[in-house]
Undergrad: 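This structure is in structure tokens; I'll ask about it shortly.
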Amino acid sequence: MEDNFEHQVYDKNTIEFVTVANEFCLLLESSAKILKLDFINRAQKLLPLLYLKASLLPKVENEFAEEIEKFVGEGDWEYIRTAVVEKMGANDEYLEVFDDGMRDSDEPIVASISENFADIYQDLKDFLTSYRIASVEIMNEALWDLNNNFHDHWGQAVVNSLRAIHYLLAHPEKLEDDLND
């Protein structure tokens, strides 16, 4: 077996991702204490970093037959979603254009930043919690799981949310008058 510190779970890109993922989770966990415009500005800066650092993660092999433990439950997910929707208010929803159902629909598809953030949070927090266990095998599985989820789901949620946040910051007149809430 490799020397533990030479394993890909300790790769420079992995450690940098851990730092950014932790910052994003902290932003969401403390969103009630942050002004709306500050929250939006910080999210605008963290989302591209999160995407970039996730795209640079090393590819690892799945070594466990069973799925690793998940730590973020439905109550945690709902807590984050509610905190973000309360922060974003009417600016939480946006029109989704990259949904496969859009092709067959005459109605616009509405998505929400809060649901995207809760989904991203769930995968990131599960990953970070597994990493804190500090078992190379568990860290490897968490990294494998994170890579798959990034490509299958939350990577798209990052770019969709960034698109909506960019629009709000580029058109400040679209922001509600409650920026101090």
Side-chain angles (χ1 to χ4, degrees), residues 8-10 14-34 36 38-40 42-47 49-51 53-55 57-94 96 98-101 109-162 164-165 181:
Q8 291 188 10
V9 298
Y10 295 111
T14 305
I15 300 305
E16 288 177 359
F17 176 82
V18 167
T19 302
V20 175
N22 193 53
E23 284 299 312
F24 186 76
C25 288
L26 289 172
L27 172 66
L28 298 183
E29 292 165 354
S30 64
S31 63
K33 302 173 189 167
I34 303 170
K36 181 176 183 174
D38 187 34
F39 177 79
I40 292 170
R42 288 174 62 188
Q44 178 205 30
K45 289 159 186 65
L46 283 170
L47 289 169
L49 273 175
L50 194 57
Y51 188 90
K53 294 303 180 183
S55 70
L57 287 170
K59 305 300 180 235
V60 295
E61 295 297 319
N62 180 2
E63 296 174 359
F64 282 174
E66 68 275 351
E67 196 171 300
I68 63 170
E69 183 178 358
K70 300 298 180 188
F71 300 94
V72 178
E74 189 175 325
D76 302 313
W77 185 94
E78 185 59 31
Y79 173 81
I80 295 297
R81 188 200 66 77
T82 300
V84 174
V85 79
E86 286 175 3
K87 184 58 59 184
M88 296 302 295
N91 299 120
D92 182 53
E93 294 183 337
Y94 63 94
E96 182 53 75
F98 293 108
D99 187 299
D100 290 336
I109 296 176
V110 177
S112 79
I113 293 169
S114 61
E115 288 184 16
N116 287 345
F117 279 13
D119 288 346
I120 296 165
Y121 175 86
Q122 186 170 26
D123 283 340
L124 296 183
K125 195 67 172 186
D126 280 341
F127 168 76
L128 291 170
T129 305
S130 292
Y131 242 67
R132 286 187 181 107
I133 293 171
S135 156
V136 171
E137 291 80 15
I138 291 173
M139 293 164 72
N140 185 78
E141 292 309 301
L143 185 56
W144 180 84
D145 203 33
L146 182 80
N147 268 317
N148 286 335
N149 291 340
F150 170 71
H151 292 289
D152 292 344
H153 181 67
W154 69 264
Q156 190 67 53
V158 167
V159 294
N160 292 353
S161 298
L162 182 58
I165 286 172
D181 292 345

Undergrad: Rounded to the nearest 0.5 Å, how far does CG of N91 lie from CD of E93?
TA: 10.5 Å

Undergrad: Do D123 and D119 have side-chain heavy atoms sitting under 4.5 Å apart?
TA: no

Undergrad: For V9 and T14, work out which heavy atoms get closest and say how close.
TA: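 Smallest heavy-atom distance, with atoms named: O-CG2, 3.4 Å.
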
Undergrad: Return each pair, listed once, that meets salt bridge (Lys or Arg N to Asp or Glu O under 4.0 Å) where at least one residue sits in residues 149-159; pairs must be two or more places apart or across chains.
TA: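 As it turns out, there is no salt bridge (Lys or Arg N to Asp or Glu O under 4.0 Å) pair with a partner in residues 149-159 once direct neighbours are skipped.
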
Undergrad: I need the E61 CD to Q8 CD distance, nearest 0.5 Å.
TA: 9.0 Å

Undergrad: Would you list the pairs meeting ring pair (Phe, Tyr, Trp, His ring centres under 6.0 Å) in which at least one residue belongs to residues 132-160, sequence neighbours left out?
TA: Y51-F150, F150-W154

Undergrad: Does the side chain of L146 reach to within under 4.5 Å of the side chain of L124, using non-hydrogen atoms?
TA: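 L146 reaches L124 side chain to side chain.
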
Undergrad: For the NZ atom of K125 and the NZ atom of K70, what is their distance to the nearest 0.5 Å?
TA: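 Answer rounded to 0.5 Å: 15.0 Å.
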
Undergrad: Under the side chain to side chain contact (heavy atoms under 4.5 Å, CB included) test against Y94, which residue among V110, I165, N116 passes?
TA: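 In the set V110, I165, N116, the residue that makes a side chain to side chain contact (heavy atoms under 4.5 Å, CB included) with Y94 is N116.
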
Undergrad: Indicate yes or no: at least one non-hydrogen side-chain atom of E16 is less than 4.5 angstrom from one of V20.
TA: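 No. Closest side-chain heavy atoms not under 4.5 Å.
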
Undergrad: Under 4.5 Å between any side-chain heavy atoms of L49 and K45, yes or no?
TA: no

Undergrad: Quick one: closest heavy-atom pair of I113 and A164, and the distance?
TA: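 In this case the closest contact between I113 and A164 is CD1-CB, 3.9 Å.
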
Undergrad: How long is the gap from CE on M88 to CD1 on I40, to the nearest 0.5 Å?
TA: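 Result: 4.0 Å between the selected atoms.
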
Undergrad: Could you check whether atom NZ of K33 has more than 12 heavy atoms from other residues, nucleotides or ligands sitting under 6.0 Å from it?
TA: no

Undergrad: Testing the basics here: between I133 and F71, what is the closest heavy-atom pair and its distance to 0.1 Å?
TA: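 So the minimum-distance heavy-atom pair works out to CD1-CZ, 3.9 Å.
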
Undergrad: Do N22 and Y131 meet the criterion of a side-chain donor-acceptor pair at a distance under 3.5 Å?
TA: no

Undergrad: Can you tell if the side chain of L27 reaches within under 4.5 Å of the side chain of I34, non-hydrogen atoms only?
TA: yes

Undergrad: Between atom CG of L46 and atom CG of L162, what is the distance when rounded to the nearest 0.5 Å?
TA: 11.0 Å

Undergrad: If you compare all heavy atoms of L128 against all heavy atoms of C25, which two are closest, and at what distance to 0.1 Å?
TA: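 Between these two residues, the closest heavy atoms are CD1-SG, 3.9 Å.
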
Undergrad: K87 and F39: which non-hydrogen atoms are nearest, and at how many Å?
TA: CG-CD2, 3.7 Å

Undergrad: Quick check against the 3.5 Å criterion: does D92 have a side-chain atom that pairs as donor or acceptor with the backbone of S114?
TA: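 Yes, the answer is positive, given that a donor and an acceptor are paired below the 3.5 Å cut-off.
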
Undergrad: Should I80 and E29 count as side-chain neighbours, where that means a heavy-atom distance under 4.5 Å?
TA: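 SC-SC contact between I80 and E29 confirmed.
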
Undergrad: Side chains of N148 and N62: closer than 4.5 Å at any heavy-atom pair?
TA: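 Sidechains of N62 and N148: no contact.
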
Undergrad: Contact between V84 and S112 at the side-chain level, heavy atoms closer than 4.5 Å - yes or no?
TA: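 In short, these two side chains do not touch, never coming nearer than 4.5 Å.
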
Undergrad: Quick one: pull up CZ in F127 and CG in D145 and give me the separation to the nearest 0.5 Å.
TA: 10.0 Å

